[in-house]
Amino acid sequence: MTMRIDITDVHRRYGDVEALAGLDLTVDSGDAYGLVGTNGAGKSTLFGLIAGHDRPDDGRITVGGRDVRETGWRIRESIGVLPENPGFPPGETGRETLAFHADVRGIGSGPGDAAERIAGAAATVGLADAIDRPIGGYSKGMRRRLGLAAALLANPAVLLLDEPTAGLDPNGVAALREILTRVRDETGVTLLMATHALREAERVCDRVGVLDDGRLVAEGRPDDLATGHDDGLEGAFVSLTGGGRDA
Ligand SMILES: Nc1ncnc2c1ncn2[C@@H]1O[C@H](COP(=O)(O)OP(=O)(O)OP(=O)(O)O)[C@@H](O)[C@H]1O
């Protein structure tokens, strides 16, 4: 199953700060969309709203045509989230942590079902051999992949990835890219990825949107956006966001 994301005139204010200022954005079913923006542009705020952890002050967000505020847990099971820094207990094994996530989210109703999902998700992210080792011994890339396995447990139709490659070495970045490409090919999942890694967005995403001060200031295919800029997408980003003044 795959689902489209529609964000229409969404506002979210924190006191005087307007984190999202009338955001309109659509991610087509099965597309990979890269949301790039300056620090504080509103990316994490948007993810919290889509995942149903927070509510917009105005506007509407639908996933698969259903309002994320009204449809409760069933729609949220369709959305997998990889937070930038998933906190995992270092003394637990990967399997114990995934079992906890499956339990909390009610994944796997029949006997053996959750265990099967856990083994499948671990294999998908290349952690089958490490799944019974304590997470304290995992590298950053392995912890990120464990976070991805947790997000994949429910076989989501939509994946939200917040800075998935931040802090990873080039091998870790390549491994994550390979996994995401495979998951997309196999499941047709819709992917929305917030990132500062512009070259990665160029490689992975069908479309890229530039978020600045809570609004989308440009979007398109990465090569179209990059056209006319010596530094490709990076040059386009700098000129669109005023040189990254908050960085
Ligand atoms: N809980 C909060 N209370 C007050 N202000 C907040 C809160 N959450 C976010 N903000 C503000 O809203 C704006 C958008 O923040 P957000 O974290 O969504 O941006 P971001 O694009 O994810 O940034 P980064 O790239 O640094 O992670 C910022 O000005 C931030 O300071």
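Just so you know, ligand 1 is whichever comes first in the structure, and atom 1 is the first atom listed for that ligand.
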- Note on the structure: Shortest non-hydrogen pair, Ile79 vs Ile50, comes out as CD1-O, 3.5 Å

- Note on the structure: The option among Gly48, Ala194, Gly214, Ser44 carrying the non-hydrogen atom nearest to atom 27 (O) of ligand 1 is Ser44

- Please round to the nearest 0.5 Å and tell me the distance separating atom OG1 of Thr8 and atom CG of Leu23. 9.5 Å

- Task: Quick one: pull up OG1 in Thr45 and CZ in Arg13 and give me the separation to the nearest 0.5 Å.
- Result: 13.0 Å

- Message: Going by side chain to side chain donor-acceptor pair (under 3.5 Å), Arg4 matches just one of Asp28, Asp31, Thr190, Thr62. Which one?
- Response: Asp28

- Task: Can you pull out the closest protein heavy atom to atom 11 (C) of ligand 1? Residue, atom name and distance to 0.1 Å, please.
- Result: Tyr14 CD1, 3.9 Å

- What pair of heavy atoms forms the shortest contact from Thr181 to Arg177, and how long is it? OG1-O, 2.7 Å

- Donor-acceptor pair between Ser44 and Asp162 side chains, under 3.5 angstrom: yes

- Item | Closest protein heavy atom to atom 19 (O) of ligand 1, given as residue, atom name and distance to 0.1 Å | Gly42 N, 3.1 Å

- Does ligand 1 have an atom that lies less than 4.0 angstrom from a heavy atom of Gly37? no

- Query: Looking at ligand 1, does any of its N/O atoms fall within less than 3.5 Å of an N/O of Leu46?
  - Reply: no

- Enumerated ligand 1 atoms positioned under 4.0 Å from heavy atoms of Ala19: 12 (O), 13 (C), 14 (C)

- Answer yes or no: does an N/O atom from Val17 fall short of 3.5 Å to an N/O atom of ligand 1? no

- Query: Quick one: does atom 30 (C) of ligand 1 have a protein heavy atom under 4.0 Å from it?
  - Reply: no

- Query: His196: heavy atom below 4.0 Å from ligand 1, yes or no?
  - Reply: yes

- Task: Could you tell me whether Asp224 and Arg207 have a side-chain N and a carboxylate O separated by less than 4.0 Å?
- Result: no

- Item | Shortest protein contact, atom 23 (O) of ligand 1 (heavy atom only) | Gly40 N, 2.8 Å

- Task: Check each heavy atom of Thr45 against ligand 1 and say whether those closer than 4.0 Å belong to the side chain, the backbone, both or neither.
- Result: both

- Item | Protein heavy-atom partner closest to atom 26 (O) of ligand 1 - residue, atom, separation in Å | Asn39 ND2, 3.0 Å

- Query: Got an N/O contact under 3.5 Å between Lys43 and ligand 1?
  - Reply: yes

- For the student: nearest non-hydrogen atoms of Ile118 and Ala102, plus distance: CD1-CB, 4.5 Å

- Item | Pro89 to Thr97 - nearest heavy-atom pair and separation | CD-OG1, 4.0 Å

